[in-house]
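The structure presented is a predicted model; accordingly, all values stated were derived computationally and were not measured.
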Amino acid sequence: MGDLRTAVTIKVMSFNIYHGEGLLDGKLDLQRIAEVVRESGADVIGMQEVDKHFSERSDYEDQGKRLAESLSMDYAYGANLKLETSSTGEPDREYGTLILSRYPIVSRRNRALPQVDSEEGYNEPRGLLETHLNIEGQRVVFLNTHLGLNEVERNAQVNWIIQQYGDCPEPILLAGDFNAEPSSPEIRRLKEVFQDAFEPFGLQDEPTLLEYKDIHAEPAEYHLTKRIDYVFSSGQVQLIGAERINCVVSDHLPVTGIYRLQL
């Protein structure tokens, strides 16, 4: 008899949404973020720079809840920066990462990543949002992170991720803004353990970060400068496709990996 097992195809996205603010027009618009996700057909999304009642810049909204409702997805939120409110009855102000999933999220936790003191004496706290998904009966670990701006700190954070998840028996999918280019030591180290979705398709150097070329131009001009956004996977899933989505609604372009998971 042949192999009677079945497989499911999963599209994974990483998307730094810059709290929903458009790079070109400076407008807050979560709906267009949701439209990019919807049109992409992504099944599981790791988002970075997501606000929860944070400030006026995002209308003090719970952005994770709003996006999940708009897309009819399950979600998990991880606050890496939390500021206590001074007003009685008002929620704390939070800023962090978000996971959206078409599949049920059966467990979730936000884990603090290592911090390394800088000369300035302050680094923004960073975390890794860990979820376990039930994908048609198969348990899959989906991780979302946003690494630090300091190279020494990023190396410590990458080493921690590998230590925690490098030998995981369950399938691993890892999305995030790693603030590091493909040639950096920290990304090279990650690629010793996990598969970069872009590399097999010759996309590894495709830039994903947008920066202003001329902020005073009408309309403002931007250019793509470097790649710092990734989707990685462990050996238990088969990578079958990848894409950079050329839609400018943030200061990052979304990236995707497509996987086949044996059930």
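- Under the 4.5 Å side-chain criterion, counting only non-hydrogen atoms from C-beta, Gln138 is not in contact with Glu170.
- A heavy-atom distance below 4.5 Å is found between the side chains of Asp74 and Arg108.
- Looking only at distances, no side-chain donor or acceptor of Glu186 sits under 3.5 Å from a matching main-chain atom of Ala180.
- Side-chain polar atoms of Asn110 and Asn80 form a donor-acceptor pair below 3.5 angstrom.
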Checklist line | side-chain contact (heavy atoms from CB on, under 4.5 Å) evaluation trace for His19 with Arg57 | finding: CA-CA 8 Å; His19 59 265; Arg57 73 183 185 186; 3.7 Å; yes

Next item on the list: Test Asp229 against His252 for side chain to side chain donor-acceptor pair (under 3.5 Å), laying out the working first.
Entry: CA-CA 8 Å; Asp229 302 275; His252 290 244; 2.9 Å; yes

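- Nearest heavy atoms, Ile17 versus Glu49: CG1-O, 3.6 Å.
- Residues Leu100 and Val249 are members of one and the same hydrophobic cluster, defined by side-chain heavy-atom contacts under 4.5 angstrom among Ile, Leu, Val, Met, Phe, Trp and Tyr.
- Within a 6.0 Å sphere centred on CG of Asn246, heavy atoms belonging to other residues, nucleotides or ligands number more than 12.
- A heavy-atom distance below 4.5 Å is found between the side chains of Phe201 and Leu239.
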Note to self: Glu243 vs Lys11, test: side-chain contact (heavy atoms from CB on, under 4.5 Å). Steps then yes/no.
What the structure shows: CA-CA 10 Å; Glu243 178 187 17; Lys11 191 169 193 177; 3.6 Å; yes

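- No side-chain heavy atom of Thr225 sits under 4.5 Å from any side-chain heavy atom of Pro207.
- Of the candidates Leu71, Val37, Leu67, Ile45 forms a side chain to side chain contact (heavy atoms under 4.5 Å, CB included) with just one, namely Val37.
- Rounding to the nearest 0.5 Å places CD1 of Ile162 at 12.5 Å from CD of Gln157.
- Side-chain atoms of Pro185 and Glu151, non-hydrogen and from C-beta on, do get closer than 4.5 Å to each other.
- A donor-acceptor pair is defined here as one N or O able to donate and one able to accept, closer than 3.5 Å; no such pair exists between the side chain of Arg189 and the backbone of Asn159.
- In this structure, Phe232 CZ and Leu174 CG are separated by 6.5 Å, a value rounded to the nearest 0.5 Å.
- Atom OG of residue Ser250 and atom CG of residue Asp29 lie 12.0 Å apart, to the nearest 0.5 angstrom.
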Note to self: Run Gln115 and Asn123 through side chain to side chain donor-acceptor pair (under 3.5 Å) and show every step you take.
What the structure shows: CA-CA 7 Å; Gln115 282 187 279; Asn123 288 329; over 6 Å; no

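- The pair Arg126-Asp177 does not count as a salt bridge, with every side-chain nitrogen at least 4.0 angstrom from each carboxylate oxygen.
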Next item on the list: Decide yes or no on side-chain contact (heavy atoms from CB on, under 4.5 Å) for Val248 and Leu24, but give the supporting numbers first.
Entry: CA-CA 8 Å; Val248 182; Leu24 302 184; 4.0 Å; yes

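- With hydrogens and angles ignored, the 3.5 Å screen pairs a side-chain donor or acceptor of Glu153 with a backbone N or O of Val116.
- Linking ILVMFWY side-chain heavy atoms closer than 4.5 Å, directly or via other members, places Leu23 and Val36 in two distinct hydrophobic clusters.
- With hydrogens and angles left out, the side-chain atoms of Asn144 and Gln48 include a donor and acceptor closer than 3.5 Å.
- Smallest separation of non-hydrogen atoms from Glu181 and Tyr230: C-OH, 3.1 Å.
- Linking Ile, Leu, Val, Met, Phe, Trp and Tyr residues whenever their side-chain heavy atoms come within less than 4.5 Å leaves Ile99 and Met13 in two separate clusters.
- Taking every heavy atom of both residues into account, Leu203 and Ala242 meet most closely at CD1-O, 3.9 Å.
- The minimum heavy-atom distance linking Thr145 with Gly127 is given by the pair OG1-O, 2.9 Å.
- No side-chain N or O of Glu136 forms a donor-acceptor pair with one of Tyr103 less than 3.5 Å apart.
- For the pair Glu35 and Arg38, the salt-bridge criterion is met [side-chain N within less than 4.0 Å of a carboxylate O].
- Taking the charged nitrogens against the carboxylate oxygens, Glu211 and Lys226 have no contact shorter than 4.0 Å, which rules out a salt bridge.
- In this structure, Ser233 and Ile172 have side chains that are not in contact, with every pair of non-hydrogen atoms separated by 4.5 Å or more.
- Under a 3.5 Å cut-off, the side chain of Arg154 and the backbone N or O of Leu149 do form a donor-acceptor pair.
- Contact of the Leu173 side chain with the Val44 side chain is not registered, since no non-hydrogen atoms from C-beta on lie closer than 4.5 Å.
- Here the CG-CD1 distance, from Asn179 to Ile228, works out to 4.5 Å after rounding to the nearest 0.5 Å.
- Side chains of His132 and Arg139: a donor-acceptor N/O pair is present below 3.5 angstrom, by distance only.
- For the atom pair CG of Leu28 and CD of Glu61, the computed distance is 7.5 Å after rounding to the nearest 0.5 Å.
- In the hydrophobic clustering of this structure, Ile187 groups with Trp160; members are Ile, Leu, Val, Met, Phe, Trp, Tyr whose side-chain heavy atoms approach within less than 4.5 Å, directly or through other members.
- Summarising the geometry of Gly257 relative to Ala197, their closest heavy-atom pair is CA-CB, 4.0 Å, with the distance given to 0.1 Å.
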Next item on the list: Could you walk me through whether Gln204 and Asp196 pass the side chain to side chain donor-acceptor pair (under 3.5 Å) test, one step at a time?
Entry: CA-CA 8 Å; Gln204 62 269 22; Asp196 172 15; over 6 Å; no

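- Using a 4.5 Å cut-off on side-chain heavy atoms (C-beta onward), Leu261 and Val140 make contact.
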Note to self: Under the criterion side-chain contact (heavy atoms from CB on, under 4.5 Å), I'd like the reasoning laid out for Tyr75 against Glu69: C-alpha separation, chi angles, the key distance, then a yes or no.
What the structure shows: CA-CA 9 Å; Tyr75 77 105; Glu69 289 174 348; over 6 Å; no

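- A salt bridge between Arg102 and Asp43 is present, with a side-chain N of the basic residue lying under 4.0 Å from a carboxylate O of the acidic one.
- With respect to the salt-bridge test (charged N to carboxylate O, under 4.0 angstrom), the residues Arg32 and Asp25 qualify.
- A donor-acceptor distance shorter than 3.5 angstrom exists from the side chain of Gln236 to the backbone of Cys168, with no hydrogens or angles considered.
- Ile245 approaches Ser40 most closely through the heavy-atom pair CD1-CB, 3.7 Å.
- Residues Phe15 and Leu209 do not share a hydrophobic cluster, defined by chaining ILVMFWY side chains whose heavy atoms lie under 4.5 Å apart.
- Salt-bridge formation is not detected for the pair Glu206/Arg227: no Lys NZ or Arg NE/NH1/NH2 atom is positioned less than 4.0 Å from an Asp or Glu carboxylate oxygen.
- Distance CD1/Ile161 to CZ/Phe194: 8.0 Å, rounded to 0.5 Å.
- Judged by distance alone, with hydrogens and angles left aside, the side-chain atoms of Tyr77 form a donor-acceptor pair with the main-chain N or O of Val50 at under 3.5 Å.
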